[in-house]
Amino acid sequence: MHIINVNRDIIGINRKIAERNRKFLDERGIRAVNIMGAIGSGKTIMIEELAEKLKDVRMAAIAGDVISDADARRIKKAGIETIGVNTGTECHLDAHLIDHAFGKLNLGGVELLLIENVGNLVCPTDFDLGEHRKIVIVSVTEGDDTVEKHPAIFVYCDLCIINKVDIADAVGADVEKMVADARRINPRLRIIKTSMKTGDGLDELVKWFKELAKG
Amino acid sequence: MRSRFPPRLCGEQLQCKMHELSIAQSVVENAIDAAEKSGAKKIKSIELEIGLMMMVNPEQLRFAMEIVSKGTIADGAKLKIIKKKVKARCKNGHVSTIGGDFLHLMSSLSCTKCQSRDLEILEGRGIILKKIEAD
Ligand SMILES: Nc1nc2c(ncn2[C@@H]2O[C@H](COP(=O)(O)OP(=O)(O)OP(=O)(O)O)[C@@H](O)[C@H]2O)c(=O)[nH]1
Ligand SMILES: [Mg+2]
Ligand SMILES: [Zn+2]
């Protein structure tokens with residue numbers, strides 16, 4: 001029996017590829033956003049809204065999905081250059097998958113790259129993709145304790161969107177509790193309450209993306 | 001060549017949230033690779049250092065390692081996990097070293113001097129395969 005010193009960084013490979021991705025984007029003047037959030041919280045519909053309301057920013061999208069291409073099709077239909085990425089057995093996108101997606105996207109003139117991660121509040125947290133901003137979308141239908149229950153993702157994000165406020169009363173969710181929880185976990189977090197259905201909060205949201213793309 | 005590694009399992013089959021599964025997969029592959037390179041035939045134990053900021057449940061990881069190492073030279077290897085503390089700088093410039101438990105730590109993360117939660121994380125995110133014992 002003998003001891004072998006290995007000292008290998010298991011997720012360091014992902015970090016290295018992520019850095020390479022970021023450099024690739026920086027060289028082209030593209031700002032990338034990693035959009036994370038619970039299943040069905042409104043990630044795709046937000047991109048559809050941006051397609052309509054952010055006409056003066058040239059966008060492209062990468063839609064991560066476990067097996068289907070449903071989201072990629074929706075985003076394409078909304079008029080954004082999109083590539084779908086199936087994660088298959090993995091429950092999150094990683095930097096390597098994003099690297100491959102770059103090769104399949106027409107990124108000419110693109111200012112903003114929207115990356116829809118797999119619906120999941122746990123796994124994507126540990127995987128940097130090479131993005132410039134991380135955002136998390138939760139909605140009132142997951143219950144108003146969802147922020148409290150998944151603190152890690154809020155620690156890392158720059159922007160938190162609390163969506164579906166139009167149906168908060170119907171599902172008995174206290175939106176202000178969600179805001180307070182998010183603020184407590186990460187005082188730096190920018191928080192925007194939205195309804196993708198009624199358009200509440202969308203001006204503020206669109207402005208955030210516009211400033212990122214043009215800034 | 002791939003066949004010496006365990007087959008990829010579907011996270012969904014195992015009720016997903018099984019983030020640990022993909023980590024276990026990488027750990028076992030790297031351990032087998034390191035063992036083979038030094039001519040070893042059997043891995044007895046694996047030592048990992050995991051930053052407390054990682055979303056890892058040690059029990060899940062243990063379970064996932066058992067599954068992915070089945071039928072490989074890492075089958076039955078003992079897993080030792082060393083927790084790496086989080087190092088963070090708060091907005092007032094204090095640098096704290098914060099220990100605790102995986103996952104639970106996250107909801108109470110604050111500066112040890114002034115309790116500020118406005119923190120920049122400096123350390124605590126890696127997973128390092130430190131060493132293995134092998135025959
Ligand atoms: N009432 C209401 N429904 C919404 C709102 N935003 C999204 N929805 C609905 O919620 C469902 C899920 O929206 P998606 O945009 O597909 O959510 P997603 O996060 O992309 O979902 P996955 O990719 O499957 O994780 C759809 O039926 C939307 O119409 C909202 O603000 N209010
Ligand atoms: Mg979607
Ligand atoms: Zn402090």
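Chain letters run A, B, ... following the sequence lines, proteins first, then strands; residues in each count from 1.
- Listed here is the closest heavy atom pair of B:Gly126 and A:Arg15: CA-NH2, 4.0 Å.
- For the pair A:Arg188/B:Glu120, a side-chain contact is recorded, criterion being any heavy-atom separation below 4.5 Å from C-beta on.
- Between A:Arg8 and the choices B:Val27, B:Ile128, B:Asp33, the side-chain contact (heavy atoms from CB on, under 4.5 Å) rule is met once, by B:Asp33.
- To the nearest 0.5 Å, atom CG of residue B:Leu119 and atom CD1 of residue A:Ile185 are 12.5 Å apart.
- In this structure, A:His92 and B:Ser22 approach most closely via the heavy-atom pair CE1-OG, 3.6 Å.
- With values rounded to the nearest 0.5 angstrom, B:Lys131 atom NZ is found 13.5 Å from A:His2 atom NE2.
- Taking CZ from A:Arg184 and OG from B:Ser110, the interatomic distance works out to 11.0 Å, rounded to the nearest 0.5 Å.
- Considering CE of B:Met55 and CG of A:Asn120, their distance stands at 9.5 Å, rounded to 0.5 Å.
- The number of heavy atoms from other shown groups lying within 6.0 Å of CZ (A:Arg22) is above 12.
- A:Ile10 contributes atom CD1, which lies 10.5 Å from atom CE of B:Met54 (distance to the nearest 0.5 angstrom).
- For the set A:Asn7, A:Ile3, A:Ile153, the count of heavy-atom pairs under 4.5 angstrom toward chain B peaks at A:Asn7.
- In this structure, chain A has no heavy atom under 4.5 Å from any part of B:Lys91.
- Summarising the local packing, NZ of A:Lys134 is surrounded by more than 12 heavy atoms from other residues, nucleotides or ligands at distances under 6.0 Å.
- Between chain A and the residues B:Glu133, B:Met53, B:Glu49, B:Arg117, the largest count of heavy-atom pairs under 4.5 Å involves B:Arg117.
- Here the CD atom belonging to B:Glu36 is positioned 10.5 Å from the CD1 atom belonging to A:Ile4, to the nearest 0.5 angstrom.
- Looking at A:Tyr156, the atoms closer than 4.5 Å to chain B (heavy atoms on both sides) all sit in the side chain, from C-beta outward.
- Within 6.0 Å of atom NZ in B:Lys85, 12 or fewer heavy atoms from other residues, nucleotides or ligands are found, so the atom counts as exposed in its surroundings.
- Within a 6.0 Å radius of NZ in A:Lys177, more than 12 heavy atoms belonging to other residues, nucleotides or ligands are found.
- Counting non-hydrogen atoms of neighbouring residues, nucleotides and ligands closer than 6.0 angstrom, the CD1 atom of A:Ile39 reaches no more than 12 such neighbours.
- Counting heavy atoms from C-beta on, the side chains of B:Lys130 and A:Asn5 never come closer than 4.5 Å.
- Within a 6.0 Å radius of NE2 in A:His96, other residues, nucleotides and ligands contribute 12 heavy atoms or fewer.
- Surrounding NZ of A:Lys207 are at most 12 heavy atoms belonging to other residues, nucleotides or ligands under 6.0 Å away.
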